[in-house]
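Have a look at the structure below, then the notes.
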Amino acid sequence: MQTGGPRIAVSQDGPITIAELMDEEILEENIIEDIAESLFGLVQEKPSLLLVLDFHQVKHLSSSALGTLIRLNKRIEETKGQLKLCGLRPTLYEIFTITKLNRLFNIYETRELAMKGI
Amino acid sequence: MTCPYYQDITIPSRYPHAKAVEDRIVLEAQQTGYDEESIFALRLSLEESLTNAIRHGNASDASKHVSVKYRITQDRIDVVISDEGSGFDPCSIPDPTQPEFLSRPSGRGILLMRAYMNEVTFNSKGNRVHLVKFRNHQAGSQAS
């Protein structure tokens, strides 16, 4: 698990912003707070943000992290942007199905498919 | 090595202390030969229950403590987590999978614990939770 450095790697592809989560475990409160600060910062910088959030490095996720994603999704929708999730390994996707949050979020298998979905 | 007796740890209501306990229990479960699926379930459930104890039970008051008792055998893992809070009624938590609650940012910890562990029971006061994970046993019905 990454213990220092940036929690997300941000890149741009045309109008689409891609944020790759760098931690294998998004469980601890301080990590979740750091990620939230970075992601909400992107929304603040770019109104109507088109954001693809790439989870392919993430192995563990807590309900607190899910709460942050829900708040982020709400904020992006309020500003007429879009949020797409991608790269979730099966164990992580199962968390979304158990909580039925796969109905709330737009989830794609790959980054490319998520970008096409915007 | 497996120990038939409960190990007993008391920590202040601080996340780094909780993480250290979580890592210790997970390591012992790995050393006892539990598979990746069980370890995933255990880590997630420990995180949820310890966060609940610190944040909701003890209101993040570092002067209050969280008690963690655990026992890992070849057949099952038992973890009992208690806080110093006034407790809560787990039945009072609305079902977060219902459409009207789906966009609520909180209230999913117990759902996940019940999905990934074989047994999740609370004491009557609601400030102690007992988690059980059996070896080679399918997780709860919501995860299957």
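Numbers restart at 1 for each chain; the letters A, B, ... are given by sequence-line order, proteins then strands.
Distance CD1/A:I98 to OG1/B:T97: 11.0 Å, rounded to 0.5 Å. Atom-to-atom distance recorded for B:R104:CZ and A:L104:CG is 14.0 Å, nearest 0.5 angstrom. One distance of note links OG of A:S64 with CG of B:N52; it measures 10.0 Å at 0.5 Å rounding. Within the model, atoms CD of A:E94 and OH of B:Y116 stand 4.0 Å from one another, a figure rounded to the nearest 0.5 Å. Considering CG of B:L102 and NZ of A:K100, their distance stands at 9.0 Å, rounded to 0.5 Å.
Connection of A:V10 to A:L49 is established within a shared hydrophobic cluster, with ILVMFWY side chains joined at heavy-atom distances below 4.5 Å, either directly or through further cluster members. Criterion: ILVMFWY side-chain heavy atoms under 4.5 Å apart, direct or through other members. Under it, A:I76 and A:Y108 are not part of a common hydrophobic cluster. Cluster membership check: A:L53 does not share its hydrophobic cluster with A:I16, using side-chain heavy-atom separations under 4.5 Å among Ile, Leu, Val, Met, Phe, Trp and Tyr. A:F105 and A:L61 fall within the same hydrophobic cluster, where Ile, Leu, Val, Met, Phe, Trp and Tyr residues are linked whenever their side-chain heavy atoms come under 4.5 Å apart, directly or through other members. Under the 4.5 Å side-chain contact rule for hydrophobic residues, A:L92 and A:L101 share a cluster.
Atom CZ of B:R76 is surrounded by more than 12 heavy atoms from other residues, nucleotides or ligands within 6.0 Å. Within 6.0 Å of the CD atom in A:E37, the count of heavy atoms belonging to other residues, nucleotides or ligands does not exceed 12. Within 6.0 Å of the NZ atom in A:K74, the count of heavy atoms belonging to other residues, nucleotides or ligands does not exceed 12. Within 6.0 Å of CD in A:E78 there are more than 12 heavy atoms belonging to other residues, nucleotides or ligands. At most 12 heavy atoms of other shown residues, nucleotides or ligands fall within 6.0 angstrom of atom CZ in A:R103.
Looking at B:R55, the atoms closer than 4.5 Å to chain A (heavy atoms on both sides) all sit in the side chain, from C-beta outward. Contacts between B:S106 and chain A at a heavy-atom distance below 4.5 Å are absent for every atom of the residue. The part of A:K59 that comes within reach of chain B is its backbone (N, CA, C, O), which places non-hydrogen atoms under 4.5 angstrom from that chain. For B:F40, the parts sitting under 4.5 Å from any heavy atom of chain A are the backbone and the side chain alike. In this structure, the portion of B:L44 lying under 4.5 Å from any heavy atom of chain A is its side chain and not its backbone.
Note: A:I95 leads A:L66, A:T97, A:I95, A:L69 in heavy-atom pairs under 4.5 Å with chain B.
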Show your working on side-chain contact (heavy atoms from CB on, under 4.5 Å) between A:T91 and B:E36 and close with a plain yes or no.
CA-CA 11 Å; A:T91 47; B:E36 271 187 39; over 6 Å; no
Worked check of side-chain contact (heavy atoms from CB on, under 4.5 Å) between A:E25 and B:R43
CA-CA 10 Å; A:E25 294 184 350; B:R43 184 178 286 284; 3.4 Å; yes
Between B:E22 and A:L27, does a side-chain contact (heavy atoms from CB on, under 4.5 Å) hold up when you go through it step by step?
CA-CA 11 Å; B:E22 184 186 311; A:L27 297 169; 4.1 Å; yes
Evaluate the side-chain contact (heavy atoms from CB on, under 4.5 Å) criterion for residues A:N30 and B:K19: first the C-alpha distance (whole Å), next the side-chain angles of each, then the deciding distance (0.1 Å), finally the verdict.
CA-CA 12 Å; A:N30 64 320; B:K19 176 73 167 60; over 6 Å; no
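At least one donor-acceptor pair under 3.5 Å links the side chain of B:E48 to the backbone N or O of A:S63.
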